[in-house]
J.: 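Quick one: the structure is below, and I'll ask about it shortly.
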Amino acid sequence: MKPFILSLVLLSVVQTSVFAQDEYATDYKVHYELAFHIDSLNLDQKDTSNLYLFTNPEFGIFLNQSRVDADVRLEKIRQRLGADVQVKISTNSNKSQDLNKVVFTNHQNGEVRVLQNLGDIDYIYFEPTKMDAWEISEETKEFMGYSVQKATIDFAGRSYEAWFTMEIPIPNGPYVFHGLPGLIVEIYDTQNHYHFTMLGLEKLETPKVWKFPKAEEATKEKVNEIQKRLNDNALNGSDYQYMMGKTPGVSGSISVSDGQEPIMELKNKSGQEITKEDLKRMFKSNLENKNNPIELE
Amino acid sequence: MKSNFLFLLLTFYYLGSQAQIEVTGTIIDAETKKNLGSTSIVVSPKGKSNILGYAISDSEGKFKIKITTTVDSLSLKVSSLAYIPFKKDILTKNQDITVLLEPAIETLDEIFLRKPPIRQRGDTLIFDPAAFKSNKDRSIQDVLSKMPGIDIDPSGAIKYQGKPINKFYVEGLDLMGGQYGMVSNNLNADKVSAVEILENHQPLKVLDSLVPSEQAAINIKLKNKVTVSGNIEMGLGAAPTLYFGKASPMLFTKNFQTLVTYQANNNGTDITQDFSRFSYTSFRFGRSGDTKNDWLSLASVNPPPFSKKRWLDNQAQAASTNALVKNKKDVEFKVNASYINNLIKKEGGHRTTYFLPEGNTTIENLTENNTRDESMDVSLSIERNKNKNLFRESLSFKKEWDRGSAFLTENQDSQYQRLSAPFTDLKNNFEIIFPLGKQLITFNSNIQYHETPQELSISPGVFTEILSPNQPVDEVNQQLFDKTFIANHSLDFTKRFGNFSLSLQPGVDFKLQNMHSQILLDGIPKSDPDFKNDMKWREVSTYARTGLNYRTDKLRISLRLPFEITHYEIDDQVTNKNQTKNPFTLNPSLWSEYKFWNYWKTNVSARYSKNYGPLNETYSGYLLSYYRNLARHNVPLMERSSQSISFGLEYRNPINTWFGRINFSYSDGKNDQIFNMITQPNGSTVVEALDLINKDNRKSLGASASKLISPIKTTFKLNSNYTYSNRDILLNGELMKNTTESWQNSINLNGDFVNWMTIEYDGSVRLSQTENTIQDLRRVRNQNHKLGLYFYFLKHHTLSFSGEWVQSKLENDSWDDFFGDILYRFTLSEKRKIDFELSLINLFNKNIYQNISVGDYTITESKYVLRPRQVMAKVRIPL
């Protein structure tokens, strides 16, 4: 009982001190490249993605490239078209759902919050697993001129090997991985299905200021349920906009006018026109192929 | 409570010396006295770096670490951004520590702005020039030569992993084509933000996933959108009067690039480094453009095997103008024009010993050779290179006025030779690639015409026993006129099926060459038809070349089966004899490349081919091509069949900067004829071809490895190559096997071990041996070591000492020589880098060099006249 109440108190303390703020400034930007196999049955296919960790000693924000640029573009569009125009910039990568998550890590108490956008609604949840079970080994090597040391941990059904350097005393890393006495420069699971590599590190000339977006509070399980429900709905119904956003290689336009049927022009990777039924088929097979997300449990 | 305590004590006793302690504490900023959260606290055994326990301080600055250890002294390390790391020795017991962290005064930006020297993005490797550039380096070429995986030939050609590059782009545009030396030697390294290596580069975008490429391309990325670079250099020197001038302004913007240059010097700087055209793209359509035939040549001396600046006696002038404009529709218009006038003097002597079955002959001579290479080149091209289609039209015109003279003294006799070999060439190439339905269609047309009237005069006359047995002759003239017309046209149909693509290429290649020659004695043409030529050589090839390609991310396979019928016709208008042959050939080839384990690549290739000719080696009249060579090749068309196979393994890891490769190749061939060289007692040869099947084979194994050692900014490169070749040679009517083995090793070390000095070391050792039944095993060993030391003790001043040591060893005899140079450089303004230089070359004034070379049945000891000691003052202003 006692520990539970204590943690509740801590939560509210945390809430007021870090996450209740509206703005955070980060001084450092770490560029990671993720090489991953989204389909465990087709290991020949490898995807890559550019991800960024904006961090300070106290906290860090981890997100994908297009999200980083989204704020800037949104501002520019608003300036051109007027502030009251409804604009939605799709910053979702359709390579993998995991890449759409934004991860906020508080280094001082080890709390991780994950922001995920599903069906155009932002949800935020606390990551329940604590990253305190790191086992630091004696193995060291050189990485990009830094002296790095190996640590291992199990998380969400995978075993990971991480390399961190104490020369950069930021206790953070890519995705939800944090808590080592130095920055994680490389981390991968033992099957090498997900491999993060640091490509660059810079101190920003002007610190980047982040606004915490308005999001619906939820739990991790609830968010996973919502995701599944959305996919099923899309398949059974005809949410083509949703399917288009989630199928790689598909581009095109859907124009919606009030009260009328949406007009769609869809093209596949080679520039050929495809029908709504083609899109539905591609969406379904794509879902089936994406059987290898980063978190297996 | 008491029992707990007792139990605890017993536990401790039982576990022996293993202690479990708790270290707690608070981290505080020493200046502001505020508590610091998010700092890393690590506990290790004293003197060791393995981590026993660690923690990150919370928002109150507090931490708690539990440790279980057998060691009694520990070390506590605390680090946080913007603070000086804190270290303290502690004992293995429970304790509470307060740590005061001092803010760091010097900027920690250094740690954070460390860009990796090499990055990988798909098939592209990105090199950061700042990681390789030393204080003394100026042009991007200086920096390229330090990058692992990249090698620069002495001629200036750039190679990646042992293969020449096929394109040199600056910001995606190819301004100079094969003359990329002009850009890489004069573009300021400080203006370059990255050097990209595009592996397996296919220059024609539309063919990108259809036609595989083994070669890589270089793309230079610039820091600014508008870049002006190049230099203005001027120098004057002595012993005798020396001058050096070079202006090479260049401009690079997104849609416009231009380079203009004017150069003149007589101080031994090889002007061809900037002006050489490095041939690059491997041709898709089988027959590449035709080049000039050099039928006649002057007597000359072989220059020494070391730096050109020590022996090149030159007077050179050259100019070039180039511009590229890209319009809104992505059409590139390009104009390139250059002119060179290069006079080169060579002076040296030989002592040649010929090993013949009937006994040895020795000839001693001294030669002075003056050659003037004068040429002008203009080319225009329009190109639209898109992902879906390609359009390319280029027209080029070249004119050469090459001429020279030689003066020889041989065993007391003297001789004067003159050669003129002007050349005119006009070439047009048109290519278009476009999709039609599901296929890709290509049309390619290549039309070329060139002619060259050549003349060699020798006085007093040579080969007088054959040419004029009864009368003495003062001057012998060989005149020759060669003109060639080529028209190659082909279509290509390529269709893709998933990962496969199939292509069919029907086409016709037409070549007509006409050569007529005559020998004049004292101005009077020799009427004997044995000494006249009027040859017409015609080659018409009708073909259907088929190809199959398979491509995935990891594996590429390419199979080619060209079906070809060629009509060969040799029409001899002097003897009225006509030879024709219409062979059918199928010359298959296979190439495959497989990528594995992230950084490894392996490739295999195999080829079989049957070739005929070359046609122009058949002529019935004697031709005096060289003062020692009067030959007629009155023979049928030569048939050669050969096969080869090669394997390669490559490794390149951008993260640890190791690059390596190993290649093995084997080839063998069979010719249906062999040249019979009948050697006269005076050492001259008469050549005939005999119908005698002869074989040859060759094996070679090569390996190289290179790496950058970042902390000391040093690159080292190792290269080794072993070749074994065996061929049948005919000596005075007897067929015998001749074996040559050679082994070449080189090591290159380049770097700043400390920040006030740069070291450059280049060493190579070459062993070669030849053996046949006449000549016993002859072994020659050559060594060449160059060392350059550059010191920057004071800001703005650079002092350099360099030395070159060369050695030649034949059995027990050896020759060696050592050269030294000194350079002093004063750099005005760190940012602009305007240099004033004073250089002293050949400090010890060595002006003669000696060398030995082993041929099939000869040994030659040569001497060469070198450039004497020279001093030069030079100024370089970068633009």
Side-chain angles (χ1 to χ4, degrees), chain A residues 10 13-14 17-18 27-30 33 35 44-46 48 50 55-60 106-110 132 134 136-147 149 151 164-172 178-183 186 192 195 197-204 271, chain B residues 36-44 48-63 65 77-83 85 107-122 126 128 131 387-388 438 496 552-555 598 654-657 708-711:
Chain A
L10 263 175
V13 166
V14 162
S17 65
V18 179
D27 291 313
Y28 302 96
K29 174 175 159 185
V30 187
E33 185 187 74
D44 272 335
Q45 188 198 344
K46 190 162 87 164
T48 55
N50 286 300
T55 185
N56 257 4
E58 296 86 40
F59 53 79
N106 180 331
H107 305 154
Q108 290 168 346
N109 59 18
D132 49 10
W134 291 101
I136 300 182
S137 92
E138 301 207 5
E139 232 181 290
T140 58
K141 74 174 186 192
E142 188 203 297
F143 180 93
M144 264 171 58
Y146 296 109
S147 169
Q149 193 163 359
F164 69 96
T165 173
M166 290 198 276
E167 294 179 48
I168 308 171
I170 295 178
N172 208 338
H178 69 281
L180 284 169
L183 184 71
E186 194 182 0
N192 209 21
H195 193 128
T197 313
M198 178 176 91
L199 293 187
L201 169 55
E202 61 184 289
K203 182 165 196 238
L204 300 167
Chain B
L36 289 173
S38 319
T39 48
S40 298
I41 304 110
V42 170
V43 176
S44 314
K48 295 229 184 105
S49 60
N50 54 311
I51 300 173
L52 295 172
Y54 70 95
I56 315 282
S57 66
D58 63 18
S59 50
E60 308 283 301
K62 294 206 186 299
F63 69 91
I65 307 176
K77 274 176 275 214
V78 182
S79 41
S80 180
L81 286 180
Y83 292 91
T107 48
L108 288 173
D109 282 347
E110 222 187 50
I111 312 178
F112 293 98
L113 294 175
R114 217 188 292 184
K115 236 167 50 174
I118 310 176
R119 266 172 31 227
Q120 183 168 14
R121 198 180 56 216
I126 305 166
D128 177 18
N387 284 341
K388 292 258 169 9
K438 293 201 172 167
R496 195 202 231 133
T552 63
D553 266 347
K554 289 207 160 120
L555 180 63
N598 261 336
I655 296 186
N656 66 18
T657 69
L708 166 72
I709 304 172
S710 281

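These numbers were taken from a predicted model, which means no experiment stands behind them. Labels below follow one simple rule: chain letters A, B, ... track the order of the sequence lines, proteins then strands, and each chain is numbered from 1.
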J.: Taking only residues two or more places apart in sequence, or in another chain, which ones meet A:Asn50 in a side-chain hydrogen bond (donor to acceptor under 3.5 Å, both in side chains)?
T.: A:His31
J.: Who pairs with A:Lys141 by side-chain hydrogen bond (donor to acceptor under 3.5 Å, both in side chains), at least two apart in sequence or on another chain?
T.: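 A:Glu186.
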J.: By a 4.5 Å heavy-atom criterion (distance strictly below it), what part of B:Asp553 contacts chain A: side chain, backbone, both, or neither?
T.: side chain
J.: Output the option from A:Asn56, A:Thr140, A:Leu180 having the highest count of non-hydrogen pairs under 4.5 Å with chain B.
T.: A:Leu180
J.: Start with the C-alpha gap between B:Val78 and B:Ser80, add the side-chain angles, then the distance that decides, and say whether side-chain contact (heavy atoms from CB on, under 4.5 Å) holds.
T.: CA-CA 7 Å; B:Val78 182; B:Ser80 180; 5.9 Å; no
J.: Give, as side chain, backbone, both or neither, the part of A:Ser137 having an atom under 4.5 angstrom from any heavy atom of chain B.
T.: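 No part of it gets close to chain B.
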J.: Hey, what do you get for NE2 (A:His178) to CH2 (A:Trp134), rounding to the nearest 0.5 Å?
T.: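 Those atoms lie 9.0 Å apart.
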J.: Sort A:Glu142 into side chain, backbone, both or neither according to what part of it lies under 4.5 angstrom from a heavy atom of chain B.
T.: neither
J.: Could you tell me which portion of A:Met166 (side chain, backbone, both or neither) has an atom closer than 4.5 angstrom to a non-hydrogen atom of chain B?
T.: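 Contact with chain B involves both backbone and side-chain atoms of A:Met166.
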J.: How far does OG of B:Ser40 sit from CG of A:Leu183, to the nearest 0.5 angstrom?
T.: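 These two atoms lie 10.0 Å from each other.
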J.: At a 4.5 Å cut-off on heavy atoms, which part of B:Ser79 comes close to chain A: side chain, backbone, both, or neither?
T.: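 Looking at B:Ser79, backbone and side chain both touch chain A.
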J.: Just verifying a value: how many Å separate A:Gln149 CD and A:Glu138 CD, rounded to the nearest 0.5 Å?
T.: 7.5 Å
J.: Can you say whether A:Glu139 sits under 4.5 Å from chain B via the side chain, the backbone, both, or neither, judging by heavy atoms?
T.: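 Neither; nothing under 4.5 Å.
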